[in-house]
Amino acid sequence: MEYLNELNHEQREAVIHEEGPMMVIAGAGSGKTRVLTYRIAHLINHGIDPFNILALTFTNKAAREMKDRIGKVIGDNEARNIWMGTFHSVFAKILRMEADRINYPRNFTIYDTQDSKSLIRDIVKEMSLSDKVYKPGVVFGRISAAKNNLISPEAYRRNTEIMSEDSQAGRPRMVDIYTEYAKRCFRSGAMDFDDLLYKTNVLLRDHADLLYKYQNKFHYILVDEYQDTNFAQYLIVKQLAAARQNICVVGDDAQSIYAFRGANIQNILNFRNDYPDYALYKLEQNYRSTKVIVQAANSVIDKNTEQIKKTVWTDNPQGDLIRVHRAYSDNDEGSFVSHDIFEIQNQSQRPNSDFAILYRTNAQSRSFEEAMRKLNIPYRIYGGLSFYQRKEIKDLLAYFRLTANPNDEEALKRVINYPARGIGKTTMEKLLIASNKYDQPIWEIIAHPHTYNTGLNKGTLSKIGAFALMIQSFQSIINKKNAFEVADHIAQESGLVKDLNADKTPEGVARYDNIQELINGIKEFSDQIDPNNPDRIFTLPDFLVDVALLTDADNDDDDDNKVSMMTIHAAKGLEFPYVYVVGMEENLFPSQLALNSRSELEEERRLFYVAITRAEVRATLTYALTRYRWGQLSQCEPSRFLDDIEEQYLSRPKASPKQSNPFAGKGGFDQARQQFYKPMGSANDVNTSPKPNMKKVSDTPSQASAADLNGIRVGTEVEHARFGKGKVLKIEGEVPNHKATVYFPSAGQKQLLLKFAKLKILS
DNA sequence: TGGAATGATGTTTTT
DNA sequence: CATCATTCCA
């Protein structure tokens with residue numbers, strides 16, 4: 001039991017706690033994961049069968065890391081048998097095993113959000129409702145909330161409060177859409193993300209034998225990030241733990257950042273009601289960060305009213321103050337961060353992987369990507385558009401899905417006419433009408449065109465017949481050959497590869513490469529060997545099982561030495577020596593959508609807390625004075641959150657913007673260095689042409705060289721890409737930070753930094 | 001029916 | 001600005 005010596009008193013108590021309910025409230029950086037992993041290892045060391053342990057996490061990555069770490073303590077062979085994964089993946093697995101009990105096919109499809117919204121869009125259209133009123137996103141959110149609270153379509157209709165909410169919002173037909181949506185998912189043999197939890201609840205509620213079975217399977221249940229569970233998840237856990245009460249939940253109310261998707265902090269508070277004799281362990285010592293960071297973070301979270309009191313403290317050194325940096329623009333912000341990283345690396349030989357840039361929204365990543373590329377700093381972006389959400393990938397997966405489950409309506413709609421085979425809109429409409437009329441999946445109509453009256457002419461029917469035949473030919477091999485052989489066959493025979501190959505634009509080539517990458521991934525999947533059953537063939541349906549639940553963060557190569565860039569949400573649970581929290585501006589962080597209620601604002605503040613506490617050595621906060629949003633240059637105000645940090649922990653910029661930018665003076669060298677490597681043609685554009693043609697100047701702002709300033713003075717007529725023609729009223733500042741006040745008849749008076757604004761001189 | 005062109009429209013965060 | 005959806009034309 002060597003490992004027990006690596007724990008402090010409170011951690012050890014939590015690890016060796018044997019029977020009965022327990023809760024661990026774990027402050028940021030207090031060794032929460034360590035407690036969970038050692039606790040599981042400890043259970044197994046004490047004779048608990050790994051098969052009887054259920055450990056639920058929020059991301060696949062967290063699950064895998066935990067498994068690895070447990071494996072290091074007790075051996076991989078044992079660790080492999082623990083039921084460990086995300087709520088969604090574990091219960092998808094159970095639902096597949098028990099699918100027939102709720103009349104679902106075992107190989108049901110999992111609809112991702114895109115699929116769900118597309119189906120909703122169709123339903124709204126079919127019901128002749130306005131998609132302005134019934135926006136797919138809004139409708140989906142409403143349905144999702146219902147499911148997360150275990151409200152069936154029938155219960156929804158009976159609930160007068162919900163119904164009147166809808167009618168007051170001008171959406172009285174919401175319940176009809178929900179009803180139809182549920183029906184169509186069922187008919188397609190599909191579940192959406194929320195169904196995985198909702199149907200699990202149904203399964204356990206309606207089938208006492210199954211409840212009994214799983215209660216007796218999972219002797220020990222552990223839940224990570226308990227503060228992020230929603231009602232559906234809470235109830236599953238409660239049901240499964242009811243018999244033995246060996247439930248261990250770990251969480252931190254201060255890090256609850258998923259209330260927007262139904263997570264309920266009350267689940268933590270309810271715990272003491274559900275299990276009155278529970279044991280509570282509080283981990284308050286932070287091992288991650290400096291005193292400054294810990295105390296600054298505490299001063300932030302103190303501003304929230306809703307919280308469980310605890311005092312996070314640390315023995316670590318004091319550390320540097322938290323720097324606040326003011327940038328002129330989003331691009332300037334990017335260049336500040338990249339130069340700062342460059343500098344620190346030069347001074348203290350830190351690897352790239354010691355740095356992370358955290359932002360509120362994925363859209364912010366762009367200026368940082370550009371800035372990092374300019375300095376040749378390798379980086380990796382987590383999140384954003386996941387590999388599996390790219391159009392070409394979804395297209396090919398749709399062929400796979402359709403082959404495995406031909407009732408999958410969304411997959412069918414996606415590929416029936418891609419690549420083009422003459423089955424157009426009107427045909428699809430007729431098929432949909434017939435499908436609804438006979439209450440049969442579209443595939444059923446396609447496969448037996450003469451059984452149903454579709455009103456389609458002969459030519460169309462033969463095209464449809466050819467498509468059906470092709471899918472059927474795929475079906476005939478799908479379980480006989482391994483996943484790679486089938487996938488490759490489908491990619492070729494469907495015509496998809498050929499279609500992509502014909503596109504020689506850079507984007508087209510990238511799409512083709514993505515398809516190759518997917519196929520390669522499937523090849524790897526097929527080549528694995530099941531240690532318990534060496535003869536097992538890994539088929540395409542095997543591959544599809546989890547693919548909808550995979551995210552980008554799952555195929556990481558984390559031995560890579562790269563700067564990490566991600567949203568704060570994605571950074572939860574991670575830590576980095578140097579952290580940059582960027583875009584600290586009103587309406588961005590906190591998001592303007594969170595300003596309506598106290599609770600939403602407090603969630604944003606918790607998000608800020610999460611962001612700061614990712615840092616081990618040094619945290620830097622940056623904001624920009626101007627930023628392009630929705631293609632518009634907009635003025636920004638520093639975030640109110642900056643004032644939530646006690647002043648003593650901050651190093652603020654000086655009053656004058658000029659002094660605040662330590663790299664202002666270096667810009668020229670940067671530009672010169674870049675230009676040095678530029679081909680002659682483009683260098684000329686930038687340097688020698690007195691009136692650069694706007695179209696030719698690249699969108700890299702720093703290329704607008706100092707020479708441009710000379711032509712502009714008060715009274716000069718200029719043209720701006722966005723605001724049109726205008727007249728310069730005032731020029732202030734010094735090289736290279738000239739700022740001009742320009743009056744645009746169309747947009748009013750604007751302050752522009754000449755370094756960045758692409759002004760064309762007209763007079 | 002297919003494709004290009006144009007227009008509307010929207011961006012939090014994720015399984 | 002970027003994506004998507006609808007529209008329009010061949």
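In what follows, chains carry the letters A, B, and so on, assigned in the order in which the sequence lines appear, proteins first and then strands, with residues in each chain numbered from 1.
Look at NZ on A:Lys135: it is 15 Å from P on B:dA8, rounded to the nearest Å. In this structure, the CZ atom of A:Arg421 is 17 Å from the C1' atom of B:dG3, given to the nearest Å. A:Leu358 places its CG atom 13 Å from the C1' atom of B:dT13, with the value rounded to the nearest Å. The separation between A:Leu593 atom CG and B:dT13 atom C1' is 11 Å, rounded to whole Å. Between A:Gln233 atom CD and B:dT14 atom P there is a gap of 16 Å when expressed in whole angstrom units. Regarding A:Asp499, its CG atom lies at a distance of 12 Å from the P atom of B:dG2, rounded to whole Å. With rounding to whole Å, A:Lys117 atom NZ is found 12 Å from B:dT14 atom C1'. Atom CD1 of A:Ile568 and atom C1' of B:dT14 are 15 Å apart (whole Å).
Regarding contacts with the backbone of B:dT14, a side-chain N or O of A:Thr567 is found under 4.0 angstrom from either OP1 or OP2. For B:dT13, one of the phosphate oxygens OP1 or OP2 lies less than 4.0 angstrom from a side-chain nitrogen or oxygen of A:Asn362. Within the structure, a side-chain polar atom (N or O) of A:Arg121 is placed less than 4.0 Å from OP1 or OP2 of C:dA5.
Between atom CD of residue A:Glu603 and atom OH of residue A:Tyr258 there is a gap of 9.5 Å, rounded to the nearest 0.5 Å.
Salt bridge present: A:Lys394 and A:Asp115 bring a charged side-chain N and a carboxylate O closer than 4.0 Å. The pair A:Lys413-A:Glu410 counts as a salt bridge, with a side-chain nitrogen and a carboxylate oxygen less than 4.0 angstrom apart.
Within 4.0 Å of A:Asn417, counting heavy atoms only, lie sugar-phosphate atoms of the nucleic acid but no base atom. Contact annotation for A:Tyr258: backbone-only contact, meaning every heavy-atom pair under 4.0 Å involves sugar-phosphate atoms and none involves a base. Using a 4.0 Å heavy-atom criterion, one finds that A:Glu603 contacts no nucleic acid atom at all. Counting any heavy atom pair closer than 4.0 Å across all strands shown, A:Ser89 reaches no nucleic acid atom. Note on A:Lys572: nothing from the nucleic acid sits closer than 4.0 angstrom, heavy atoms only. The residue A:Lys125 sits close only to the backbone: its heavy atoms come under 4.0 Å of sugar-phosphate atoms, none of a base. A:Ile423 comes within 4.0 angstrom of the backbone, heavy atoms only, and of no base. A:Arg606 comes within contact range of no nucleotide atom at all, as no heavy-atom separation falls under 4.0 Å.
Which of B:dT13, C:dC1, C:dA5 sits closest to the side chain of A:Arg366 comes down to C:dC1. Considering only the side chain of A:Thr86, B:dT15 comes nearest among B:dT14, C:dT7, B:dT15. Nearest to the side chain of A:His88, among C:dA5, B:dT15, B:dT13, sits B:dT15. Listed candidates were B:dG3, B:dG10, B:dT9. Nearest to the side chain of A:Lys132 is B:dT9. Nearest to the side chain of A:Lys425, among B:dG10, C:dT7, B:dT15, sits C:dT7. The side chain of A:Thr59 lies closest to B:dT15 when the candidates are C:dA5, B:dT13, B:dT15.
A:Asp192 contributes a side-chain N or O that, together with a main-chain N or O of A:Asp194, makes up a donor-acceptor pair within less than 3.5 Å. A donor-acceptor pair under 3.5 Å is absent between the side-chain atoms of A:Ser144 and the main chain of A:Phe140, judged by distance alone.
Comparing A:Thr361 and A:Thr113 by the nucleotide of DNA chain B that holds the closest heavy atom to each, the one mapping nearer the 5' end is A:Thr361. Between A:Thr460 and A:Arg629, the residue anchored closer to the 5' end of DNA chain B is A:Thr460, taking for each the nucleotide with the nearest heavy atom.
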Checking ring pair (Phe, Tyr, Trp, His ring centres under 6.0 Å) for the pair A:Tyr104/A:Phe186: CA distance, chi angles, key distance, verdict? CA-CA 7 Å; A:Tyr104 261 85; A:Phe186 181 73; 5.2 Å; yes
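Checked against the 6.0 Å centroid criterion, the rings of A:Tyr359 and A:Tyr580 do not qualify as a close aromatic pair.
With centroids closer than 5.5 Å and planes inclined by less than 30 degrees as the test, A:Phe58 and the base of B:dT15 fail to qualify as a stacked pair.
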